[in-house]
Amino acid sequence: MNYIGSKYSLLEFIDYSVRLLVGNDLSGLRFCDLFAGTGIVGRHFKSRDCSVTANDMEYYSYVLNRNYIGNCTEIDGKDSLIARLNELPGKEGFIYNQYCLGGGNGRQYFSGSNGLKIDAARTAIEEWRLSGEITDDAYYFLLCSLIESADKVANTASVYGAFLKHLKRSAQKEIIISPADLIRSCGEHSVYQEDANSLIRKISGEILYLDPPYNSRQYGANYHLLNTIADYTPFTPKGKTGLRDYRKSDYCSKRTVAATFEELVKLSRFKYIILSYNNEGLMPPEVIARIMSKYGRYQVFNREYHRFKADSEENRQHSADSTIEYLHVLTK
């Protein structure tokens, strides 16, 4: 997935910085990805034999991480299950009726045929779980596969805050549900969907990785349709874009972010805290340094990289603009 704030291009930098702190042998260390998003950082450290805790408030994120972090062994009959989903005839459901032009609500997040296929697949996954035909592990594997495949044919400029007036080329393609990857691991892993400042009171470990929102844009709004596919409970969509109710994060408010962040640092029971934050965020570097220095030895690493920027007319692109990513490190 093309995801705002994704750290895929920075994994080597993050990995190098972690090894500077704890050494090259990461096996058995408890690594917590508290604002996990698509789970790209947690997946990396799961592959490095850490025991990973992943958390995010958004349900689509929980689904992705429940598969990538929570599942450690092959899903029985996974290829057959994926094939069955792809063979299903289209079916009118909530996505088609509310988020495709054929549904009559004026929204065009997907082509009509893809909306019908998404509804058919999502309905089948739920029916298979309720009938006991699939396990919970298989359920989240299939949901993760559907969400990622649907995102590839979405008619947006990246996020779901708006849809495009005309179907772009990738949105005209027929959706093919591809199986999500499996990351094998013998570690003990856990996945949560909780407020970060609440969960921090219940967990502990060696490495706490923090990648909170940098700005005022709420992920619950930007990725609302992924939550709708994941949850698939009918509601009355709001406005032209069909928004659902979502919980707002204190990390997206300049008024609350510093106090909320300091509370998190103060309450955490991890030896190392690593905050990923760029130079355009709501908290200036000096504010972060002041807060973290209160609770132990503080240091900072940085790297310049090209940031992701959506093309409002056609496909997703990478902008030539660059920004500086900081890793603020506290040895508590």
Side-chain angles (χ1 to χ4, degrees), residues 3 5-56 65 68-69 183-190 196 199-200 203-214 251 257-258 261-262 264-308 322-332:
Y3 193 72
S6 174
K7 296 301 179 290
Y8 179 79
S9 63
L10 293 168
L11 285 176
E12 288 187 9
F13 173 47
I14 296 169
D15 183 273
Y16 173 76
S17 301
V18 167
R19 288 187 287 109
L20 280 181
L21 293 171
V22 303
N24 289 324
D25 184 8
L26 304 179
S27 58
L29 296 181
R30 173 60 67 180
F31 181 96
C32 178
D33 188 1
L34 201 59
F35 302 85
T38 61
I40 201 72
V41 174
R43 295 184 223 177
H44 175 82
F45 285 96
K46 180 183 179 184
S47 71
R48 293 294 303 271
D49 294 324
C50 290
S51 291
V52 176
T53 297
N55 173 71
D56 201 287
N65 284 284
Y68 287 116
I69 304 301
I183 303 169
R184 297 181 183 275
S185 170
C186 57
E188 295 182 1
H189 311 292
S190 52
L199 181 61
I200 199 65
I203 58 175
S204 60
E206 285 76 38
I207 304 164
L208 177 64
Y209 176 73
L210 305 175
D211 184 22
Y214 295 171
Y251 289 89
V257 60
F261 173 65
E262 180 161 3
L264 183 65
V265 172
K266 181 179 180 180
L267 292 173
S268 67
R269 293 176 293 160
F270 286 80
K271 184 173 182 181
Y272 301 103
I273 301 175
I274 301 172
L275 171 69
S276 190
Y277 215 75
N278 72 26
N279 60 312
E280 299 173 347
L282 293 173
M283 285 192 296
E286 59 270 19
V287 171
I288 295 170
R290 175 177 56 79
I291 291 171
M292 296 184 82
S293 295
K294 293 181 183 180
Y295 300 95
R297 183 168 67 90
Y298 168 78
Q299 54 190 314
V300 63
F301 309 107
N302 66 74
R303 175 168 294 183
E304 185 175 6
Y305 74 108
H306 294 299
R307 64 180 177 177
F308 171 81
S322 63
T323 187
I324 299 173
E325 185 74 17
Y326 293 97
L327 288 182
H328 301 270
V329 177
L330 170 63
T331 305
K332 204 171 182 189

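Remark: C50 SG to E188 CD distance equals 13.5 Å, nearest 0.5 Å. To the nearest 0.5 Å, atom OH of residue Y272 and atom CD1 of residue I207 are 8.0 Å apart. Here CD1 of I274 is found 11.5 Å from SG of C32. Values are rounded to the nearest 0.5 Å. Taking OG of S9 as the start and CD of E325 as the end, the distance is 8.5 Å to the nearest 0.5 Å. Rounding to the nearest 0.5 Å places CG of L264 at 10.5 Å from CD1 of I291.
Under a 3.5 Å cut-off, the side chain of D15 and the backbone N or O of V18 do not form any donor-acceptor pair. Remark: the backbone N or O of G187 is paired with a side-chain donor or acceptor of S185 at under 3.5 angstrom. The backbone N or O of K266 lies less than 3.5 Å from a partner atom in the side chain of K332, making a donor-acceptor pair. In terms of modelled atom types and a separation under 3.5 Å, the side chain of N65 and the main chain of G37 share a donor-acceptor contact. Side-chain atoms of R43 come within 3.5 Å of backbone atoms of T38 as a donor-acceptor pair (strictly under, hydrogens ignored). A donor-acceptor pair under 3.5 Å is formed between the side chain of S47 and the backbone N or O of H44. Of the possible polar contacts, one joining the N279 side chain to the I324 backbone as a donor-acceptor pair under 3.5 Å is found.
For the pair Y295 and I273, the minimum side-chain heavy-atom distance is 4.5 Å or more. Contact annotation: the side chain of V265 never approaches that of L275 to less than 4.5 Å [non-hydrogen atoms, C-beta and beyond]. Inter-residue side-chain proximity for I203 and L34 is flagged as met; some heavy-atom pair is nearer than 4.5 Å.
Taking each heavy atom of D33 and G39 in turn, the nearest pair found is OD2-CA, 4.5 Å. What you find for M292 and V329 is that their closest heavy atoms are CE-C, 4.1 Å. Among all heavy-atom pairs drawn from S276 and P212, the shortest one is O-CD, 4.1 Å. For the residue pair K46 and I69, the shortest heavy atom distance occurs at NZ-O, 3.1 Å. Considering all non-hydrogen atoms of both residues, F270 and E206 come closest at CD2-N, 3.7 Å. Contact record, L282 with Y277: N-OH, 3.3 Å, taken as the closest heavy-atom pair.
I40 pairs with exactly one of D211, I14, L11 by the side-chain contact (heavy atoms from CB on, under 4.5 Å) rule, that one being L11.
Applying the side-chain contact (heavy atoms from CB on, under 4.5 Å) rule to V300 yields the partners Y298, Y326, H328; only residues at least two apart in sequence or on another chain are considered.
Residues in residues 10-32 take part in these ring-ring contact (aromatic ring centres under 6.0 Å, His included) pairs, two or more places apart or across chains: F31-F45.
Side-chain polar atoms of T53 and R30 form a donor-acceptor pair below 3.5 angstrom.
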